[in-house]
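Below is one structure, written out as structure tokens; the observations come after it.
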Amino acid sequence: MTRRIVRASMQLGVFATIILFLVFFLDTRYRVLPQSIHSHLPLHHEGLVITDITVQTCSSLNPLGSCKLDPSEWHRIEKDLYLDTGWVSAAYVHIKRKREEELKEDDRVIEDVRIGRLDPAMGEKDQAAHRWEARPAGVWLKRTAKRHAADSTNVVTAVDVLFGADAVEPRPGWEIKDNALQLDTAGEVHEARLTIRRGSPKGFSKPVPRIGKDGKFKIMQVSDLHLSTGLGVCRDANPKTKEFAKCDADPRTLEFVAKVIVDEKPDMVVLSGDIVNGETAPDAQTALFKIAELLAKHHIPYATIWGNHDDTGSLPRDALMSLIESLPFSLAQSGSNTIEGIGNYYVEVLAHGNNKHSALTLYFLDTHSGSPDERLYPGYDWLKPKQIQWFKDTAQTLKKSNQHKAYTHIHLDMAFIHIPLPEYMDQKNEIVGKWGETPMAPRFNTHFKDALVEEGVKAVSAGHDHVNDYCALAKNDKSGDPELWMCYAGGSGFGGYGRDEWYHRRIRVFEVDANEARISTWKRVEYGETEKRLDDQVIVDSGRVIAP
């Protein structure tokens with residue numbers, strides 16, 4: 001019996017070893033382990049300084065090799081520099097970091113980083129007197145042992161990796177190194193770029209949206225950007241002329257958004273889902289940073305909800321939300337963890353003047369992704385009863401609050417989602433704009449539209465269906481009175497589909513006039529009648545939903 005137990009134990013041990021080896025081997029190439037294990041987002045702890053940086057390369061053909069250095073000394077940034085495209089190779093940036101009070105006499109801290117083949121002391125006149133230390137992948141470090149240097153704002157305190165020639169850095173105090181890391185690559189690979197922060201994290205306060213002195217507040221709804229890691233490839237780009245034969249998706253998309261920002265001067269932007277095109281974004285952080293940097297550059301507060309493509313790349317919804325919450329001018333919130341979804345929250349737009357009275361409440365809800373029951377309800381997921389109850393409870397609580405009751409004008413409410421509601425499919429609705437495709441709404445109806453009407457929301461606007469840009473008017477079944485406008489933003493990004501020849505990428509604008517309790521809306525297009533307000537209409541007047 002004892003012999004049998006020993007033999008069985010040995011067999012189990014060998015089997016477990018083989019399984020662990022296979023999982024490790026597959027994970028180096030295909031990342032089969034859960035996202036939580038990889039933890040793609042590096043931790044940038046306060047009070048730390050970087051004392052060394054290196055790049056470790058490994059091969060899956062060498063079972064004894066490893067892409068991990070001694071974890072007691074080195075912290076690995078969990079991003080493969082080849083973005084998992086190397087057949088047998090992988091590479092990772094590793095950093096040594098210490099708390100300032102733990103620095104010893106022989107420790108040296110990094111003052112500067114350069115990327116290149118030549119020693120900066122040879123190639124740059126102002127660096128001739130400095131000693132630069134070489135590291136793999138063309139990394140050069142300027143380090144110092146001076147004790148006061150650790151307190152300097154010039155010392156490197158955090159390191160990260162972004163990808164692509166168009167990578168940008170929206171985080172205050174961070175800078176991307178000009179040159180890409182020098183890796184042995186064959187074929188098309190998104191260049192890996194080091195980005196560093198100097199000194200302590202730069203603090204910033206959350207913006208407070210407020211009605212302007214003219215009584216107006218303008219919201220720009222930007223949906224379905226479909227940003228990639230790298231420049232991206234245009235899909236269905238119109239017009240199909242020689243002038244636009246070469247089309248890089250993300251630069252053209254961002255140029256369009258920037259132009260509308262300059263023309264419309266919005267007070268706030270709503271990013272209503274599919275910001276990241278997960279399928280072409282092996283580093284979602286890089287893609288997300290592009291729009292965040294543009295909005296921060298223009299000093300525009302923005303709210304975010306997620307679509308069905310955002311989390312199909314390298315980061316899940318909660319990690320994306322953690323990133324966007326940490327950035328300047330972001331109003332995004334993860335919301336309650338007791339209900340389904342990431343990003344069920346609201347934003348109060350305060351009345352003009354130095355007070356805390358709410359003039360406008362904007363609700364944001366996560367409409368999830370694919371259907372949880374494809375057999376019975378193929379297509380897309382639906383808003384859950386707990387989410388709807390959260391919305392109703394929140395709306396009723398806000399109405400009773402002094403912040404709302406003390407407002408002397410008519411308070412207005414709007415909502416934003418990504419996937420449209422089933423009621424968008426009702427062809428009896430009166431519409432303004434174009435119905436360019438069958439609405440891809442969920443087949444199961446939890447009647448969130450009824451909850452919106454009951455709580456006095458006047459308009460809801462969605463994304464998702466790129467070539468639908470209409471507003472549909474829902475009316476009361478008994479009285480026939482208008483009760484809710486259901487709008488689409490239309491697709492704005494060239495990384496997503498466009499399909500029809502008539503369709504040019506577009507952005508929806510809402511203008512709230514608090515003095516008149518009026519909401520107007522129109523669209524701006526990327527090509528063609530670019531200076532025109534398309535389908536300009538008033539959808540709410542004196543606090544009442546009105547027909548066109």
Side-chain angles (χ1 to χ4, degrees), residues 38-58 66-81 91-116 118-124 126-162 169-182 192-204 285 322-323 326-328:
H38 289 296
S39 181
H40 274 252
L41 295 179
L43 300 176
H44 307 299
H45 296 292
E46 294 186 37
L48 295 176
V49 291
I50 308 300
T51 60
D52 206 349
I53 302 173
T54 193
V55 175
Q56 176 77 358
T57 303
C58 60
S66 173
C67 272
K68 283 196 173 181
L69 300 178
D70 183 355
S72 66
E73 292 190 21
W74 294 92
H75 166 75
R76 189 172 89 167
I77 298 174
E78 295 296 339
K79 291 185 179 184
D80 176 15
L81 301 181
Y92 292 85
V93 172
H94 290 71
I95 59 175
K96 281 185 178 180
R97 56 191 186 182
K98 284 189 175 182
R99 296 193 176 279
E100 294 179 28
E101 61 270 18
E102 296 173 350
L103 290 172
K104 299 176 182 177
E105 290 296 328
D106 57 346
D107 283 327
R108 292 183 290 172
V109 295
I110 297 175
E111 288 187 306
D112 202 1
V113 181
R114 292 279 199 280
I115 312 295
L118 296 178
D119 185 340
M122 298 173 59
E124 302 176 34
D126 60 338
Q127 297 298 326
H130 298 284
R131 180 174 177 270
W132 288 81
E133 301 174 31
R135 297 291 185 270
V139 176
W140 294 87
L141 306 178
K142 182 164 70 173
R143 301 198 299 168
T144 178
K146 294 178 182 177
R147 303 305 301 164
H148 67 82
D151 300 320
S152 169
T153 56
N154 292 325
V155 164
V156 176
T157 54
V159 177
D160 204 349
V161 181
L162 298 175
E169 186 53 272
R171 294 173 289 189
W174 287 77
E175 61 174 293
I176 298 178
K177 296 286 97 180
D178 291 339
N179 297 316
L181 291 170
Q182 296 175 4
R193 306 168 75 86
L194 276 189
T195 175
I196 64 171
R197 187 190 69 205
R198 300 177 188 276
S200 301
K202 305 297 184 292
F204 55 87
Q285 182 182 6
S322 294
L323 259 183
S326 70
L327 298 179

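Partner of T157 under the side-chain contact (heavy atoms from CB on, under 4.5 Å) criterion, chosen from V49, V109, I110, L48: V49. Of the candidates D107, D52, D106, D107 is the only one forming a salt bridge (Lys or Arg N to Asp or Glu O under 4.0 Å) with K98.
The minimum heavy-atom distance linking R198 with N154 is given by the pair NH1-O, 2.9 Å. Annotation for G116 and W140: closest pair O-NE1, 2.9 Å, computed over non-hydrogen atoms. Contact record, A158 with I50: N-CG1, 3.8 Å, taken as the closest heavy-atom pair. Across every non-hydrogen atom of L162 and K79, the tightest pair is CD2-NZ, 4.2 Å. Of all heavy-atom pairs spanning R197 and P201, the tightest one is NH1-CG, 3.6 Å. Heavy atoms only, all atoms of each residue included: W132 and D119 are closest at CB-OD1, 3.4 Å.
Rounded to the nearest 0.5 angstrom, R143 CZ and E111 CD are separated by 11.5 Å. Separating the SG atom in C67 from the CD atom in E78 is a distance of 10.0 Å, to the nearest 0.5 Å. Atom-to-atom distance recorded for I53:CD1 and H94:NE2 is 12.5 Å, nearest 0.5 angstrom. If you take CD1 on I95 and CG on D160, they are separated by 9.0 Å, rounding to the nearest 0.5 Å.
Salt-bridge check for K96 with E73: passed, with a basic side-chain N closer than 4.0 Å to an acidic carboxylate O.
Looking only at side-chain heavy atoms (C-beta outward), T57 and L81 stay at 4.5 Å or farther from each other. Contact of the L181 side chain with the V93 side chain is registered, since non-hydrogen atoms from C-beta on lie closer than 4.5 Å.
With hydrogens and angles disregarded, a donor-acceptor distance shorter than 3.5 Å links the side chain of R193 to the backbone of D178. Looking only at distances, no side-chain donor or acceptor of W174 sits under 3.5 Å from a matching main-chain atom of T195.
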> Please walk me through it: do L194 and I176 pass side chain to side chain contact (heavy atoms under 4.5 Å, CB included)?
Replying inline: CA-CA 6 Å; L194 276 189; I176 298 178; over 6 Å; no

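The environment of NZ in K202 is crowded: more than 12 heavy-atom neighbours from other residues, nucleotides or ligands sit within 6.0 Å.
Side-chain contact of T54 with R135: a donor-acceptor pair under 3.5 Å is absent, judged by distance alone.
Here K177 pairs with D112, E175 under the salt bridge (charged side-chain N to carboxylate O under 4.0 Å, His left out) rule; sequence neighbours left out.
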